[in-house]
Enquirer: 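Quick one: this structure, given as structure tokens, is what I'll be asking you about.
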Amino acid sequence: MRYWLMKSEPSSYSLDKLKKDKKTMWDGVRNYQARNYMIKDMKKGDGVLFYHSNAKPSAVVGLAKISKNAVPDITSFDKKSVYYDPKSTPENPRWHCVEVEYIAHFNKYLPLAELKLLKSLDGLALLKKGMRLSIQPVLKKHFRVLCKKGVLDKNPFLK
DNA sequence: GCCAACGTTGGC
DNA sequence: GCCAACGTTGGC
């Protein structure tokens, strides 16, 4: 099993929204590196840290998991969608998306500025200068550090 | 709102 | 294949 961090601007899709929806297709990703992670590496059951970007403050806010492996992103075929891509067709889809399922909000949010101070997170992709990737792999040790910092009564990933 | 960093596009 | 121009991300 692998671990991930997924970014979303709360104004477009927040963890609160995911809680209401329970599950969502992570569609609209139009970056090849992020797409390749979804297609090749993300598997059902993987752990996901949910990050609010462009937020006040930007922070890791909770936990989710991958509930379905990648499938073609149908928004890329939809002319009315803002995610429409004329180069992506049902016969030859260019973009894919996984399904993400809500687990919990952390009891403590983890603002970016605080995470930068932690020696135990050295090497975490999120903290690297210029890192804009919306889907990032997270090492198990970093995942555990963040889960413990976030505090949850029941955390399926910390047994 | 600014702007650094990064990704993509397209002319050549 | 190079690279300038442009667009986007996202912290601050």
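In what follows, every heavy atom counts, from backbone to side chain, and hydrogens, waters and symmetry copies are set aside. A note on names: the letters A, B, ... follow the listed sequences, proteins ahead of strands, and every chain is numbered from 1.
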Enquirer: Measure from OH on A/Tyr51 to C1' on C/dG10 and round the result to the nearest Å.
Expert: 8 Å
Enquirer: Could you tell me how the ring of A/Phe157 sits relative to the ring of A/Tyr3: parallel (under 30°), tilted (30 to 60°) or perpendicular (over 60°)?
Expert: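 Rings of A/Phe157 and A/Tyr3: perpendicular, over 60°.
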Enquirer: Taking the nucleotide of DNA chain B with the nearest heavy atom to each, does A/Lys87 or A/Gly130 sit closer to the 5' end?
Expert: A/Gly130
Enquirer: Figure out the NZ/P separation between A/Lys56 and C/dG10, and round it to whole Å.
Expert: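 Computing the A/Lys56:NZ to C/dG10:P distance gives 17 Å.
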Enquirer: Whole angstrom is fine here: how far is it from CD in A/Gln33 over to P in B/dT8?
Expert: 9 Å
Enquirer: Grab the CZ-C1' distance between A/Arg94 and B/dG7 for me, whole Å please.
Expert: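 These atoms are roughly 13 Å apart.
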Enquirer: Distance check needed: C/dC12 C1' versus A/Leu126 CG, whole Å only.
Expert: 15 Å
Enquirer: Does A/Lys7 make a side-chain N or O approach to OP1 or OP2 of C/dT9 shorter than 4.0 Å?
Expert: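 Looking at the OP1 and OP2 atoms of C/dT9, neither is under 4.0 Å from any side-chain N or O of A/Lys7.
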Enquirer: Under 4.5 Å between side-chain heavy atoms, counting indirect links through other Ile/Leu/Val/Met/Phe/Trp/Tyr residues: same cluster for A/Val61 and A/Leu112 or not?
Expert: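 Result: no, two separate clusters.
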Enquirer: Under 4.0 Å between a side-chain N or O of A/Lys129 and OP1 or OP2 of B/dA4?
Expert: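 No, outside the criterion.
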Enquirer: Just the rounded figure in Å: distance from P of B/dG7 to CG of A/Asp85.
Expert: 18 Å
Enquirer: By the 4.0 Å heavy-atom rule, please label A/Lys116 as base, sugar-phosphate, or nothing.
Expert: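 Answer is sugar-phosphate: A/Lys116 comes under 4.0 Å of backbone atoms only.
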Enquirer: Could you state the CZ-C1' distance from A/Arg132 to B/dA4, rounded to the nearest angstrom?
Expert: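 Rounding to the nearest Å, CZ of A/Arg132 and C1' of B/dA4 are 10 Å apart.
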Enquirer: How many Å lie between CH2 on A/Trp95 and P on B/dG7, as a whole number?
Expert: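 Rounded to the whole Å, the gap is 13 Å.
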Enquirer: Quick check, are the ring centers of A/Phe50 and A/Trp26 under 6.0 angstrom apart?
Expert: yes
Enquirer: If the cut-off is 4.0 Å, is A/Tyr32 near the phosphate of B/dC6, judged by side-chain N/O to OP1 or OP2?
Expert: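 Looking at the OP1 and OP2 atoms of B/dC6, neither is under 4.0 Å from any side-chain N or O of A/Tyr32.
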Enquirer: Using the benzene-type ring in the case of Trp, are the ring centres of A/Tyr84 and A/Phe77 under 6.0 Å apart?
Expert: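 No, too far apart.
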